Amino acid sequence: MTTTLTQRVCKSYKVLVGLEIHVQLATKSKMFTGAANGFGGEPNSQVDEVVLGLPGVLPVMNKKAVEYAMKVGLALGCKIAKHTKWDRKSYYYPDLPKNYQISQYDLPLCYEGSFEIPGEDGNPVRVRVRRAHLEEDAGKLLHEAPGGYAIDWSIVDLNRAGTPLLEIVTEPDLTTPKQVAAFGQELQKLVQFLGVSEGQMQMGHMRFEPNINVHITDQDGAVHKTAITEIKNLNSFSVLERATAYEIQRQIRQWEETGDLGRKSTYGWDEPSESTFHQRDKEDADDYRYFPDPDLVPVEPSDEWVAEIKGQIGELPAARRKRYVGALGLSEKDAAILAGDREIGDFFEQVIAGGAEAKRASTLMEALREMSNEKSVPLMKLGVKPVRVAEIAALVVGGKVAASKETAKKIIDALAQGDRPAEQAAADLGLIQSTDTGAIDAAIDALIAQNPKSLQDYKGGKLTALGSLVGMVMKSGKGLNAKLVQEQLKKRLG
Ligand code: MN
């Protein structure tokens, strides 16, 4: 009897990842009741009869949550359903008092979208969005009492139960772990820009579940497709990227070692061992016994309503970023920073409207950002008006103050303490430069008398010496305008 050892070698492979993302919407009240929707608070303080699922209560749809969901859907290029409804997804778990979650099954509010993210090579990657639907969150099971007391049973906090959740599902268009993380980050920026979610990962506002499989080409050119696995509940971009990378390699390794392509199943991520672990096999259709919720009316967004929401979205970060690079000539990096936050982008545009040239306005925004970091005060709360920043730009252009970030920061700091014309603030700080040519000439005379060596260097053709000469004149006289000093020097030295 002979045995044949089959060698399996992965010659090349193609990765297919689709993402499911749950985003908590920052509405004031919950999805189907007026109970407060917010993080923190005493356990079970943000609940009412509806959240508790008491007999006889009726849910009422939160219109704001539907609007927020439509905003995200439209920003993701989705179509908005003309007719959608609410379905009960039944399962029994202690954090779900009704024993069903209200969700949307076959008729999601938003569908067939497409979203571009920056790729690793600089080219945009297009990711199709299958659907985005609304549902309610479950409560939280705690295995430790508040205050850290050990208990040998579990307790439930229903503050999170009933929070509006937007579940976004992409097609498997992501092909690398970095792309997966990039999608998450772009989506975070988007929901923050739209003002529909705080998008704070550490607070669980966004939870990611990558669905991963690999098409392996072996040494004979045959293609082997691994079964799709889903990694549950990842809530940091770093974990999202590392878990995806690990799972791709795990599937390839498993096939190489055993020939097993795996089964459709659910995995978890274990941070201490930096690996995924098997949780359960997944039946093709989980038996959630979906059926339309008889207590809620269908939602039929009118064209007018959708148009109104569309009008509120305005220019999206990606479009703004492109415009800042293309039309305003900013660097990709500066454009990304300014366009990433709606208020900061608006502020920047007001500085330009105040007369500042775009690149100078961008440099001044950088000075504002640094001040904001140094003071630990959000930029918008520094108390500096855009028009004042435009005035600083004019002072620089007019040669009245030095063209340096340090000077700008000093003026900004003074303006943050009390609003007044930027020129007055600069004058109070003694930053107004002298444009008195008599004083400049006197300083140059003194320099010529004291530094014959530098002068010889310059006359001998060392043009770089001019900079050091200017520096010396600036030091010798007080508050002289560097540009005028340079002009006068050139004239005097021929
Ligand atoms: Mn869900």
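Just so it is clear, the structure is predicted and the values come from calculations on it, not from any experiment.
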- Note on the structure: Looking only at heavy atoms, the pair that brings Ala402 and Val396 closest together is O-CG2, 4.2 Å

- List the steps and the verdict of side-chain contact (heavy atoms from CB on, under 4.5 Å) for Gln249 and Tyr13. CA-CA 10 Å; Gln249 294 308 320; Tyr13 63 92; 3.2 Å; yes

- Item | From Val125, Val17, Leu240, Thr170, residue fulfilling side-chain contact (heavy atoms from CB on, under 4.5 Å) relative to Phe183 | Thr170

- Message: Show, in sequence, the C-alpha distance, side-chain angles and deciding distance for Val401 and Ile432, and conclude whether the side-chain contact (heavy atoms from CB on, under 4.5 Å) test is met.
- Response: CA-CA 5 Å; Val401 300; Ile432 298 292; 4.2 Å; yes

- For the residue pair Tyr246 and Glu274, establish whether any side-chain heavy-atom pair is separated by less than 4.5 Å. no

- Query: Run the salt bridge (charged side-chain N to carboxylate O under 4.0 Å, His left out) check on Asp341 and Lys189 step by step: do they pass?
  - Reply: CA-CA 8 Å; Asp341 182 292; Lys189 279 189 226 160; over 6 Å; no

- Please determine which of His22, Arg131, Gln104 meets the side-chain hydrogen bond (donor to acceptor under 3.5 Å, both in side chains) test together with Glu167. His22

- Message: Donor-acceptor pair, distance only, cut-off 3.5 Å: does the side chain of Asp419 make one with the backbone of Gly383?
- Response: no

- Task: Step through the shown structure and confirm whether more than 12 heavy atoms of other residues, nucleotides or ligands are within 6.0 Å of CD on Gln200.
- Result: yes

- Answer yes or no: are there more than 12 heavy-atom neighbours, outside Lys409 itself, under 6.0 Å from its atom NZ? yes

- Sidechain N-carboxylate O distance under 4.0 Å for Glu315, Lys322: no

- Query: Any side-chain heavy-atom pair from Leu330 and Phe348 closer than 4.5 angstrom?
  - Reply: yes

- Crowded around Lys385 NZ? As in, over 12 foreign heavy atoms under 6.0 Å? no

- Would you mind checking if Arg207 and Glu209 are paired as a salt bridge, meaning a charged N to carboxylate O distance below 4.0 Å? no

- Query: Does a sphere of radius 6.0 Å around CZ in Phe237 hold more than 12 heavy atoms from other residues, nucleotides or ligands, not counting ones at 6.0 Å or beyond?
  - Reply: yes

- Message: Please check: side-chain N/O of Asn159 versus main-chain N/O of Asn44, any donor-acceptor pairing under 3.5 Å?
- Response: yes

- When every non-hydrogen atom of Ala414 is compared with those of Leu429, the smallest separation belongs to CB-CD1, 3.9 Å

- Item | Gap separating the CG atom of Leu187 from the CG atom of Leu76, nearest 0.5 angstrom | 6.0 Å

- Glu230 backbone acceptor or donor facing Asn211 side chain under 3.5 Å: no

- Task: Measure the shortest side-chain to side-chain distance between Leu109 and Pro301 over non-hydrogen atoms and say whether it is less than 4.5 angstrom.
- Result: yes

- Is there a side-chain contact between Arg369 and Glu366, using heavy atoms and a 4.5 Å cut-off? yes

- Item | Charged N-O contact under 4.0 Å between Lys375 and Asp413 | yes

- Should Arg388 and Glu391 count as an ion pair when the cut-off is N to O under 4.0 Å? yes

- Message: Whether Lys30 and Asp137 form a salt bridge (side-chain N of Lys/Arg under 4.0 Å from carboxylate O of Asp/Glu) is what I want to check.
- Response: no

- Would Lys232 and Glu20 satisfy salt bridge (charged side-chain N to carboxylate O under 4.0 Å, His left out), going step by step from the backbone distance to the final call? CA-CA 9 Å; Lys232 297 301 270 186; Glu20 278 181 39; 5.5 Å; no

- Query: Within a strict 4.5 Å, meaning less than it, do heavy atoms of the Thr175 and Lys14 side chains meet?
  - Reply: no

- Task: Of all the heavy-atom pairs spanning Leu379 and Ser372, show the shortest one and how long it is.
- Result: N-OG, 3.5 Å

- Message: Please find the pair of heavy atoms, one from Ala243 and one from Thr276, that lie closest to each other, and give the distance.
- Response: O-CG2, 4.0 Å

- Do Arg321 and Pro118 touch side chain to side chain, with heavy atoms closer than 4.5 Å? yes

- Message: Any side-chain to backbone donor/acceptor pair from Thr407 onto Ala403? Under 3.5 Å, distance only.
- Response: no

- For Lys491 and Glu487, what are the C-alpha separation, side-chain angles and deciding distance, and is it a side-chain contact (heavy atoms from CB on, under 4.5 Å)? CA-CA 6 Å; Lys491 253 186 230 166; Glu487 278 168 19; 5.5 Å; no

- Starting at NE2 of His215, measure out to OG of Ser12 and round the result to the nearest 0.5 Å. 12.0 Å

- Query: Roughly how far apart are Ile411 CD1 and Glu423 CD, rounded to 0.5 Å?
  - Reply: 9.5 Å

- When you measure from the side chain of Ser29 to the backbone N and O of Ala35, does any donor-acceptor pair fall under 3.5 Å? no

- side-chain contact (heavy atoms from CB on, under 4.5 Å) assessment of Val66 paired with Trp305: CA-CA 11 Å; Val66 177; Trp305 193 19; 3.7 Å; yes

- Under 3.5 Å, side chain of Glu136 to main-chain N/O of Ile102, donor-acceptor pair present? yes

- Message: I'd like to know if the side chain of Asp95 and the backbone of Ala138 have a donor-acceptor N/O pair within less than 3.5 Å.
- Response: no

- Between CD1 on residue Ile21 and CZ on residue Phe208, distance to nearest 0.5 Å: 5.5 Å

- Item | Glu171 side chain to Val127 backbone, donor-acceptor under 3.5 Å | no

- Note on the structure: Interatomic distance, CG@Leu165 vs CD@Gln101, rounded to 0.5 Å, equals 7.0 Å

- Message: Rounded to the nearest 0.5 Å, what separates atom OH in Tyr324 from atom NZ in Lys359?
- Response: 15.5 Å

- Shortest non-hydrogen contact between Val377 and Leu382, atoms and distance: CG1-N, 4.0 Å

- Over all atoms of both residues, closest heavy-atom pair of Ala132 and Ile168: CB-CG1, 4.1 Å

- Message: A side-chain contact here means heavy atoms from C-beta on lying under 4.5 Å apart; do Asp106 and Asp87 qualify?
- Response: yes

- If you count the non-hydrogen atoms of other residues, nucleotides and ligands that lie under 6.0 Å from CD in Glu42, is the total more than 12? no

- Query: Donor-acceptor pair, Arg160 side chain versus Gly139 backbone, under 3.5 Å?
  - Reply: yes

- Query: Between the side chain of Asn37 and the main-chain N/O of Ala26, is any donor-acceptor distance below 3.5 Å?
  - Reply: no

- Item | Salt bridge Arg320-Asp346, side-chain N to carboxylate O under 4.0 Å | yes

- Query: Is Lys400 atom NZ crowded by more than 12 heavy atoms from other residues, nucleotides or ligands, each under 6.0 Å away?
  - Reply: no

- Under 4.5 Å between any side-chain heavy atoms of Arg126 and Asp173, yes or no? no

